[in-house]
Peer 1: 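One structure, as structure tokens, below. Some questions next.
Small disclaimer: the values here were computed from a predicted structure and weren't measured.
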Amino acid sequence: MKNSTRKPAFIPSMYCSLFGHDYEISKKVTKHVKEYTCCHCKKELTTNSNGNLIELTPKFKEINNILERIHESRMRRLKRKSFASSIC
Ligand SMILES: [Zn+2]
């Protein structure tokens, strides 16, 4: 009779509390602002305006989305500018 073969469920957050979170960059918002996700418990962090890591709340997600859009349009403008100056 094999009754005790069931492995205990692996709790990712327990791993994190023992070994610490294992953050990976999940999104590059701007050159300085990035979003990080823990590959074990999926906890999300982001860089705030002071360069500190903080929890990625829905509010910060929104801010990052706006930042990303501003950053993108700025980069596009920069590219167009350098292209224009290269033909002049
Ligand atoms: Zn974690």
Side-chain angles (χ1 to χ4, degrees):
M1 275 285 179
K2 275 183 186 175
N3 245 346
S4 56
T5 48
R6 218 158 53 102
K7 280 181 190 168
F10 182 69
I11 306 161
S13 56
M14 207 166 96
Y15 178 95
C16 290
S17 62
L18 284 173
F19 303 105
H21 297 289
D22 207 349
Y23 290 112
E24 287 178 336
I25 296 172
S26 53
K27 191 173 167 186
K28 278 185 183 173
V29 181
T30 67
K31 214 173 171 185
H32 306 289
V33 179
K34 292 174 190 77
E35 288 178 9
Y36 303 86
T37 308
C38 175
C39 59
H40 299 292
C41 67
K42 305 295 169 200
K43 187 183 158 80
E44 291 176 303
L45 287 187
T46 187
T47 335
N48 70 1
S49 50
N50 299 320
N52 298 319
L53 284 176
I54 46 155
E55 204 171 317
L56 184 61
T57 57
K59 197 190 163 193
F60 273 102
K61 240 176 200 176
E62 216 179 287
I63 292 171
N64 281 354
N65 279 335
I66 296 164
L67 267 178
E68 193 185 21
R69 233 173 295 151
I70 294 169
H71 185 69
E72 248 172 36
S73 63
R74 198 181 290 163
M75 288 316 240
R76 225 173 292 147
R77 219 177 308 148
L78 269 176
K79 253 182 215 164
R80 218 179 295 153
K81 216 176 181 182
S82 64
F83 178 71
S85 62
S86 69
I87 33 173
C88 286

Peer 1: Is Ile54 linked to Leu67 within one hydrophobic cluster, defined over Ile, Leu, Val, Met, Phe, Trp and Tyr using a side-chain heavy-atom separation of less than 4.5 Å?
Peer 2: yes
Peer 1: Return the OG to NZ distance between Ser26 and Lys34, rounded to the nearest 0.5 Å.
Peer 2: 11.5 Å
Peer 1: With the 4.5 Å side-chain cut-off for hydrophobic clustering, are Ile25 and Leu53 part of the same group?
Peer 2: yes
Peer 1: Give me the one residue out of Lys28, Arg74, Lys27 that meets salt bridge (charged side-chain N to carboxylate O under 4.0 Å, His left out) with Glu68.
Peer 2: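 That would be Lys27.
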Peer 1: How long is the gap from NE2 on His71 to CG on Leu78, to the nearest 0.5 Å?
Peer 2: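 If we round to the nearest 0.5 Å, His71:NE2 and Leu78:CG are 9.0 Å apart.
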Peer 1: Which distance, rounded to the nearest 0.5 Å, do you find between the CG of Asp22 and the NZ of Lys43?
Peer 2: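 The distance works out to 14.0 Å.
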Peer 1: Quick one: pull up CG in Leu45 and CD in Glu55 and give me the separation to the nearest 0.5 Å.
Peer 2: 7.0 Å
Peer 1: Measure the NE2-SG distance between His21 and Cys39 for me, rounded to the nearest 0.5 Å.
Peer 2: 11.0 Å
Peer 1: Just jot down the side-chain contact (heavy atoms from CB on, under 4.5 Å) partners of Lys42, sequence neighbours excluded, or say none.
Peer 2: Thr37
Peer 1: Any side-chain heavy atom of Leu56 sitting closer than 4.5 Å to one from Asn64?
Peer 2: yes
Peer 1: Would you say the side-chain atoms of Asn50 pair up with the backbone N or O of Asn52, donor to acceptor, closer than 3.5 Å?
Peer 2: no
Peer 1: Would you please classify the geometry between the Tyr36 ring and the Tyr23 ring as parallel, tilted or perpendicular, with 30° and 60° separating the classes?
Peer 2: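 Rings of Tyr23 and Tyr36: perpendicular, as their planes differ by over 60°.
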